[in-house]
Amino acid sequence: MRRRNVADEGRTPTDEGMVTVFVVMFAVALVFMVGLVVDGGRLLAESRQARNVADSAARAGAQAISDDAVRTGQAVILDPDQAHVLACNFLANTHYTCQGGSTVSVVGNQVTVDLEGSYDLTLLPGASPTIRATGSACVAVGITAATC
């Protein structure tokens with residue numbers, strides 16, 4: 001015959017193991033939330049870094065001023081081929097490249113860089129999200145405000 005424990009009073013046999021299920025579910029939810037915080041924060045940081053790289057590459061390209069165009073007083077003084085080369089050279093020093101989904105376009109005195117890359121999640125399973133960023137810069141002539 002089984003002896004009854006005072007702690008067992010008020011409990012039914014179906015209550016056994018409920019705390020274990022609750023703890024396991026809580027632990028899984030906690031790990032998922034930590035994954036959201038860590039991967040979400042890293043994704044935001046990578047997105048900000050991509051915008052910084054796009055802006056910097058556009059500024060590098062906007063420094064390709066044609067000396068001949070400046071001397072002759074032309075309105076468009078940016079050398080488009082050299083601007084493209086300078087922007088792509090800047091991107092070559094990062095993990096973005098001109099061939100890997102990133103584009104550099106030069107229109108008039110404005111350089112626009114569109115970046116595209118993927119980001120690998122650390123804790124959360126699933127597909128890698130795509131990061132896109134755009135940066136632009138234009139040539140400022142004189143001390144007036146630049147108009148692109």
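Along the sequence shown, residues are numbered consecutively beginning with 1.
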Please say yes or no: joined through hydrophobic side-chain contacts below 4.5 Å, possibly via intermediate residues, are [X] and [Y] part of one cluster?
X	Y	result
Leu86	Tyr96	no
Leu121	Leu36	yes
Ile65	Val111	yes

In residues 21-33, what donor-acceptor pairs under 3.5 Å come from side-chain atoms, sequence neighbours left out?
none

Which value, rounded to the nearest 0.5 Å, describes the distance between [X] atom [atom1] and [Y] atom [atom2]?
X	Y	atom1	atom2	value
Gln49	His95	CD	NE2	7.5 Å
His84	Asn89	NE2	CG	10.5 Å
Leu91	Thr94	CG	OG1	5.0 Å

* Closest contact, heavy atoms only, Val104 versus Cys88 ->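 Smallest interatomic distance, heavy atoms only, reads CG2-SG, 4.1 Å.
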* Asked: Is there a donor-acceptor pair closer than 3.5 Å between any side-chain N or O of Asn109 and the backbone N or O of Leu78?
  ->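 Flag set: sc Asn109 to bb Leu78 pair under 3.5 Å.
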Counting only pairs under 3.5 Å, give me each side-chain donor-acceptor contact of residues 124-139, with atom names and distances, residues two or more places apart or in other chains.
unit_1: Ser128; atom_1: OG; unit_2: Tyr119; atom_2: O; d: 3.4
unit_1: Ser128; atom_1: OG; unit_2: Asp120; atom_2: OD1; d: 2.8
unit_1: Thr134; atom_1: OG1; unit_2: Asp114; atom_2: OD1; d: 2.8

* From CA spacing to verdict: side chain to side chain contact (heavy atoms under 4.5 Å, CB included), Thr72, Asp68 -> CA-CA 6 Å; Thr72 58; Asp68 294 335; 5.6 Å; no
* To do: Apply side chain to side chain contact (heavy atoms under 4.5 Å, CB included) to Leu115 and Ser102, showing your working.
  => CA-CA 4 Å; Leu115 297 181; Ser102 303; 3.4 Å; yes
